[in-house]
Undergrad: 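Dropping the structure in here first, questions after.
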Amino acid sequence: MSIQSTNSQSSSSAFQTRLPQGAFDTHVHVFDPRLGPYAAGRAYTPEDAPLQELLAFNNAISGANNTTLVLVQPSPYKTDCTVLMQCLRELRDREIPAFGIAVIDISRVTDQELQAMHDLGIRGIRLNFQADGHRVDVASLKDRVRHAAERIQHLPGWMIQMFIPVSAWDVLYDCILELPVPIIADHLGGTAGPSKLPVELRSKPMAQPGLGSLLSLARQARVIIKISGLYRMSSETSSNYGDLQSIVKMLASEVPDQLIWGSDWPHTGEGHDRVGKTVDVKEPFREIDNQGVLRNLSAWMGPGAWQKMMVENPRRVYQG
């Protein structure tokens with residue numbers, strides 16, 4: 001099945017809210033079993049999403065503007081970054097600006113392998129605690145994050161990227177303040193809209209546990225919050241996740257210099273929906289109104305914070 005048929009509003013004529021000149025899309029994936037096999041023991045098998053379809057999607061949302069892509073290693077490949085590296089080489093050869101975020105085996109990767117990744121544009125590693133749908137083991141979080149930071153701290157510009165529940169920022173707070181590398185908090189740092197909150201928090205989403213710690217870490221420039229995957233943090237599809245408006249506006253007001261944006265293309269499913277399912281059947285991608293999401297974000301944030309999130313902040317984060 002083509003990605004064009006699984007993601008709504010994907011043709012270039014459909015986009016009125018275009019990415020600004022020099023924008024970064026800091027969270028995209030490539031799934032291409034022709035370039036490299038998926039890992040045994042993976043949580044799911046996705047539909048194909050090759051590099052050429054990613055570029056078509058990016059052209060649709062950016063037009064003639066020059067977007068820098070950040071390819072994030074997806075969980076079905078685990079620590080085999082063959083596809084990621086091959087795509088970065090192709091983008092470099094085609095003079096398309098791109099960076100990458102890898103997933104590595106911390107205990108086995110060599111300095112030479114890390115340097116080769118760096119030379120191709122890798123600027124960090126990903127710790128994804130949400131792909132398989134199981135609860136996060138908060139007791140092991142600190143050790144894993146510290147170990148990862150120690151292994152990559154010698155590489156200029158490298159970061160740790162994490163997708164964790166917002167409550168985990170309370171657990172990690174002191175640890176992150178001491179880390180030698182910054183953290184990228186995926187998908188609003190795990191902050192949920194009222195539609196995904198317990199009943200007692202739906203009227204007061206700013207009170208959800210962990211959000212205060214996330215904000216404090218962002219104010220101290222220890223965490224960069226990625227505005228991405230709104231459909232992971234809200235169930236309000238009809239409004240393009242309108243119940244996240246107050247949260248996004250608050251972030252734009254409180255920490256505008258610590259926000260970056262990612263499309264999360266090609267819009268994979270949820271970990272909790274994969275529990276007990278076989279990997280022999282390909283998991284379809286979600287249908288997302290990308291135009292509607294961009295239109296909402298632009299309106300919620302205002303022109304100043306929008307420009308910072310799309311252009312200025314990611315340029316500083318990835319290019320130094």
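Positions are given from 1 along the sequence.
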Undergrad: Starting at CG of Asn313, measure out to CZ of Phe24 and round the result to the nearest 0.5 Å.
TA: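 The CZ atom of Phe24 is 10.5 Å from CG of Asn313, to the nearest 0.5 Å.
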Undergrad: In the single-linkage hydrophobic clustering (I, L, V, M, F, W, Y; side-chain heavy atoms under 4.5 Å), do Met159 and Val223 co-cluster?
TA: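 Unlinked, Met159 and Val223 end up in two clusters.
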Undergrad: Going through the checks in order, is the side-chain contact (heavy atoms from CB on, under 4.5 Å) test met by Lys78 and Val103?
TA: CA-CA 7 Å; Lys78 294 198 173 182; Val103 176; 5.9 Å; no
Undergrad: So, for Ile247 and Pro205, which heavy atoms are closest and what is the spacing to 0.1 Å?
TA: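 Scanning both residues completely, I find the closest heavy atoms to be CD1-CB, 4.3 Å.
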Undergrad: I want to check something: taking the side chain as every heavy atom from C-beta on, are Val72 and Asp186 in contact at a cut-off of under 4.5 Å?
TA: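 Val72 does not reach Asp186 side chain to side chain.
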Undergrad: Sequence neighbours left out, what passes side-chain contact (heavy atoms from CB on, under 4.5 Å) with Ser216? Give chain and number order.
TA: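 Only Tyr173, Gln220 meet the side-chain contact (heavy atoms from CB on, under 4.5 Å) criterion with Ser216.
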Undergrad: Hey, does the side chain of Gln208 reach the backbone of Ser167 with a donor-acceptor pair shorter than 3.5 angstrom?
TA: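 No, the answer is negative, given that no donor and acceptor are paired below the 3.5 Å cut-off.
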Undergrad: Quick check on the hydrophobic clustering: are Ile184 and Leu214 connected, directly or via other members, by side-chain heavy-atom contacts under 4.5 Å?
TA: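 No; tracing contacts between hydrophobic side chains, which count when under 4.5 Å, never links both residues.
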Undergrad: Enumerate the salt bridge (Lys or Arg N to Asp or Glu O under 4.0 Å) contacts for residues 307-320, please, sequence neighbours excluded, ordered by first and then second residue.
TA: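 Residue pairs with at least one partner in residues 307-320: Asp257-Lys308.
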Undergrad: Quick one: CD on Gln52 to CZ on Phe57, what's the gap to the nearest 0.5 Å?
TA: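 The CZ atom of Phe57 is 14.5 Å from CD of Gln52, to the nearest 0.5 Å.
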Undergrad: According to a 4.5 Å side-chain heavy-atom criterion applied to Ile, Leu, Val, Met, Phe, Trp and Tyr, with indirect links allowed, do Phe99 and Leu155 form part of one hydrophobic cluster?
TA: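 In one cluster: no.
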Undergrad: Classify the side-chain pair Asp111/Gln115 by whether it contains a donor and acceptor separated by less than 3.5 Å.
TA: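 Absent: no donor and acceptor within the cut-off.
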Undergrad: Run the side-chain hydrogen bond (donor to acceptor under 3.5 Å, both in side chains) test against Asn58 and tell me which residues pass, sequence neighbours left out.
TA: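 Partners of Asn58 by the side-chain hydrogen bond (donor to acceptor under 3.5 Å, both in side chains) criterion come out as none, since no residue qualifies.
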Undergrad: What class does the angle between the rings of Phe31 and His29 fall in, given that below 30° is parallel, 30 to 60° is tilted and above 60° is perpendicular?
TA: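 Geometry flag for His29 against Phe31: tilted rings.
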Undergrad: Can you list the residues that meet the side-chain contact (heavy atoms from CB on, under 4.5 Å) rule with Lys196, with sequence neighbours excluded?
TA: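 Result, side-chain contact (heavy atoms from CB on, under 4.5 Å) vs Lys196: Ala192, Ser235, Glu270.
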Undergrad: Distance-only, no hydrogens or angles: does the Arg126 side chain make a donor-acceptor pair with backbone N or O of Gln73 under 3.5 Å?
TA: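 A pair under 3.5 Å: yes.
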Undergrad: With heavy-atom distances below 4.5 Å as the criterion, would you say the side chains of Leu35 and Cys87 are in contact?
TA: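 Yes, side chains in contact.
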Undergrad: To the nearest 0.5 Å, tell me how far Ile224 CD1 sits from Tyr318 OH.
TA: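 Result: 7.5 Å between the selected atoms.
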Undergrad: Can a donor-acceptor pair be found between the side chains of Gln245 and Asn296 at a distance below 3.5 Å?
TA: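 Looking only at side-chain atoms, Asn296 and Gln245 do not form any donor-acceptor pair under 3.5 Å.
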Undergrad: Could you list all the salt bridge (Lys or Arg N to Asp or Glu O under 4.0 Å) pairs where at least one residue sits in residues 24-33, not counting sequence neighbours?
TA: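 Of all non-adjacent pairs touching residues 24-33, those that pass salt bridge (Lys or Arg N to Asp or Glu O under 4.0 Å) are Asp32-Arg34.
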Undergrad: Only one of Ser238, Ser234, Ser239 clears side-chain hydrogen bond (donor to acceptor under 3.5 Å, both in side chains) with Glu236; which?
TA: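 That would be Ser239; it is the only one of Ser238, Ser234, Ser239 passing the side-chain hydrogen bond (donor to acceptor under 3.5 Å, both in side chains) with Glu236.
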Undergrad: Any sub-3.5 Å donor-acceptor pair from Glu283's side-chain atoms to Gly269's backbone N or O?
TA: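 Confirmed, Glu283 side chain pairs with Gly269 backbone.
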Undergrad: With no hydrogens and no angle check, is any side-chain donor or acceptor of Arg222 less than 3.5 Å from a backbone partner on Leu179?
TA: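 Yes.
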Undergrad: Would you sort out whether Arg18 and Thr67 count as a side chain to side chain donor-acceptor pair (under 3.5 Å), showing the intermediate values?
TA: CA-CA 11 Å; Arg18 296 288 183 92; Thr67 305; over 6 Å; no
Undergrad: Let me confirm one number: the CG-CE distance from Leu244 to Met233, rounded to the nearest 0.5 Å.
TA: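 So the CG of Leu244 and the CE of Met233 are separated by 8.0 Å.
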Undergrad: Using side-chain contact (heavy atoms from CB on, under 4.5 Å), reason through Ile125 and Ile106 one step at a time and then give a plain yes or no.
TA: CA-CA 10 Å; Ile125 59 174; Ile106 296 294; 3.7 Å; yes
Undergrad: For residues Pro46 and Pro74, determine if any side-chain heavy atom of one lies less than 4.5 Å from a side-chain heavy atom of the other.
TA: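 No, side chains not in contact.
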Undergrad: Would you confirm whether Trp158, through its side chain, and Ile122, through its main-chain N or O, come within 3.5 Å as a donor-acceptor pair?
TA: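 Side chain of Trp158 to backbone of Ile122, a donor-acceptor pair under 3.5 Å: yes, one is there.
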Undergrad: With salt bridge (Lys or Arg N to Asp or Glu O under 4.0 Å) as the rule and sequence neighbours excluded, what pairs involving residues 81-107 come up?
TA: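 Residue pairs with at least one partner in residues 81-107: Glu90-Arg94.
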Undergrad: Taking only residues two or more places apart in sequence, or in another chain, which ones meet Tyr38 in a side-chain hydrogen bond (donor to acceptor under 3.5 Å, both in side chains)?
TA: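 For Tyr38, no residue satisfies side-chain hydrogen bond (donor to acceptor under 3.5 Å, both in side chains) once neighbours in sequence are set aside.
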Undergrad: Are side-chain heavy atoms of Val70 and His27 found at a separation under 4.5 Å?
TA: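 No, their side chains stay 4.5 Å or more apart.
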Undergrad: With respect to Thr268, which candidate in Arg232, Arg286, Glu47 satisfies the side-chain hydrogen bond (donor to acceptor under 3.5 Å, both in side chains) definition?
TA: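 It is Arg232, the one option of Arg232, Arg286, Glu47 that forms the side-chain hydrogen bond (donor to acceptor under 3.5 Å, both in side chains) with Thr268.
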Undergrad: Do the side chain of Arg123 and the main chain of His118 share a donor and acceptor less than 3.5 angstrom apart?
TA: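 Here the side-chain-to-backbone pair exists.
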Undergrad: Starting from Leu201, walk the hydrophobic network (Ile, Leu, Val, Met, Phe, Trp, Tyr; side-chain heavy atoms closer than 4.5 Å) and list everyone else you reach, by chain and number.
TA: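 Joined to Leu201, directly or through intermediates: Leu197.
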Undergrad: Got a sec, which residues hit side-chain hydrogen bond (donor to acceptor under 3.5 Å, both in side chains) with Glu254, two or more places apart in sequence or on another chain?
TA: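 Only Arg219 meet the side-chain hydrogen bond (donor to acceptor under 3.5 Å, both in side chains) criterion with Glu254.
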Undergrad: For Ser75 and Tyr44: C-alpha separation, side-chain torsions, deciding distance, then whether side-chain contact (heavy atoms from CB on, under 4.5 Å) applies.
TA: CA-CA 9 Å; Ser75 62; Tyr44 69 104; 3.4 Å; yes
Undergrad: Do Met301 and Leu259 have side chains that get closer than 4.5 Å, going by heavy atoms?
TA: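 Met301 reaches Leu259 side chain to side chain.
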Undergrad: Using every non-hydrogen atom in the two residues, find where Gly292 and Asn240 come nearest and quote the distance to one decimal.
TA: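 Nearest pair, atom of Gly292 first, then Asn240: CA-ND2, 3.5 Å.
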Undergrad: Do the non-hydrogen side-chain atoms of Leu294 and Trp261 ever get within less than 4.5 Å of each other?
TA: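 Result yes, sub-4.5 Å side-chain heavy-atom pair found.
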Undergrad: How long is the span from the CG atom in Leu71 to the CG atom in Leu84, to the nearest 0.5 Å?
TA: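 That separation rounds to 6.0 Å.
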Undergrad: Please report the interatomic distance NZ(Lys226) to CD(Gln161), rounded to the nearest 0.5 Å.
TA: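 Those atoms lie 3.5 Å apart.
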Undergrad: Does the Trp169 side chain pair with the main chain of Gly189, one donor and one acceptor, at a distance under 3.5 Å?
TA: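 Present.
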Undergrad: Within a strict 4.5 Å, meaning less than it, do heavy atoms of the Leu55 and Leu91 side chains meet?
TA: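 Yes, side chains in contact.
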Undergrad: Suppose the criterion is ring pair (Phe, Tyr, Trp, His ring centres under 6.0 Å): which pairs have a residue in residues 203-235, not counting sequence neighbours?
TA: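 Sorted pair list: Tyr231-His267.
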Undergrad: Heavy-atom distance under 4.5 Å between the side chains of Leu230 and Asp264, does that happen here?
TA: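 Result no, sub-4.5 Å side-chain heavy-atom pair not found.
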Undergrad: Look at the side chain of Ser228 and the backbone N and O of His187, then say whether any donor-acceptor pair between them is shorter than 3.5 Å.
TA: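 The answer is yes, because a donor-acceptor pair under 3.5 Å joins these two groups.
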Undergrad: Give me the atom names and distance for the closest heavy-atom approach of Met117 to Ala102.
TA: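 Met117 and Ala102 have their closest heavy atoms at SD-CB, 4.1 Å.
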Undergrad: Could you list all the salt bridge (Lys or Arg N to Asp or Glu O under 4.0 Å) pairs where at least one residue sits in residues 205-215, not counting sequence neighbours?
TA: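 Sorted pair list comes back empty.
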Undergrad: Would Ile164 end up clustered with Ile176 when hydrophobic side chains under 4.5 Å apart are linked, directly or stepwise?
TA: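 They do share one cluster, since a chain of ILVMFWY contacts under 4.5 Å joins Ile164 to Ile176.
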Undergrad: Can you name the residues that form a side-chain hydrogen bond (donor to acceptor under 3.5 Å, both in side chains) with Thr45, not counting sequence neighbours?
TA: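 For Thr45 the side-chain hydrogen bond (donor to acceptor under 3.5 Å, both in side chains) partners, ignoring immediate neighbours, are Arg42.
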Undergrad: Stepwise, does the side-chain contact (heavy atoms from CB on, under 4.5 Å) test hold for Met162 with Leu172?
TA: CA-CA 12 Å; Met162 294 194 297; Leu172 288 173; 3.8 Å; yes
Undergrad: If you look at every heavy atom in Gly193 and Asp243, which pair is closest and at what distance?
TA: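 So the minimum-distance heavy-atom pair works out to C-OD2, 3.4 Å.
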